[in-house]
Amino acid sequence: MNNTAQRTKRERRVPLPAGIVPLLTQREIETYYGVSAWQIDQWRKAGMPDEPFAGQGRRYDLAKCQAWHEANATDARSWKAAA
């Protein structure tokens with residue numbers, strides 16, 4: 001058995017190349033902002049960007065979502081306070 005096969009998944013992790021940003025899933029963006037799927041859908045309908053994705057669901061670039069919130073003076077705290 002070669003040494004590579006014996007390494008655990010954690011040991012095989014490598015950093016992303018410079019300039020590559022992981023996209024968040026719908027569930028991950030909900031968790032990040034602490035809101036429901038409904039709230040994410042409302043923000044998306046209001047213009048929050050999502051990324052083209054060949055699989056199921058949507059993907060979100062966190063930096064673009066944060067910029068959208070700043071430009072539109074919205075964030076999870078203000079939406080929760082209004083509720």
Side-chain angles (χ1 to χ4, degrees):
M1 199 179 226
N2 85 28
N3 193 18
T4 304
Q6 294 176 351
R7 292 182 2 201
T8 66
K9 192 177 210 177
R10 181 177 293 259
E11 293 169 333
R12 290 184 304 230
R13 287 187 187 168
V14 295
L16 290 173
I20 301 284
V21 178
L23 299 177
L24 301 180
T25 65
Q26 175 88 17
R27 181 169 284 165
E28 289 167 336
I29 199 83
E30 291 167 16
T31 300
Y32 179 82
Y33 283 111
V35 298
S36 68
W38 179 87
Q39 185 62 66
I40 298 297
D41 288 339
Q42 296 306 303
W43 285 342
R44 196 177 50 73
K45 289 175 186 173
M48 186 175 79
D50 59 349
E51 299 296 318
F53 184 70
Q56 293 181 347
R58 301 187 190 298
R59 295 294 187 268
Y60 299 88
D61 180 326
L62 183 56
K64 289 181 181 179
C65 291
Q66 290 171 327
W68 180 84
H69 280 285
E70 288 176 19
N72 291 281
T74 66
D75 66 13
R77 291 180 300 270
S78 66
W79 284 82
K80 285 180 182 177

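No experiment lies behind these values; they were computed from the predicted model shown.
Residues in residues 23-50 take part in these salt bridge (Lys or Arg N to Asp or Glu O under 4.0 Å) pairs, two or more places apart or across chains: Asp50-Arg58.
From Glu70, atom CD reaches atom SG of Cys65 across 11.5 Å, with rounding to the nearest 0.5 Å.
In terms of modelled atom types and a separation under 3.5 Å, the side chain of Trp68 and the main chain of Pro49 share no donor-acceptor contact.
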Requested in this report: Take Asn72 and Met48, measure what side chain to side chain contact (heavy atoms under 4.5 Å, CB included) needs, and give me the verdict at the end.
Outcome: CA-CA 9 Å; Asn72 291 281; Met48 186 175 79; over 6 Å; no

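Partners of Leu62 under the side chain to side chain contact (heavy atoms under 4.5 Å, CB included) rule, at least two apart in sequence or in another chain, are Leu24, Ile29, Tyr32, Tyr33, Gln66.
Considering only heavy atoms from C-beta on, Lys64 stays 4.5 Å or farther from Tyr60 through its side chain.
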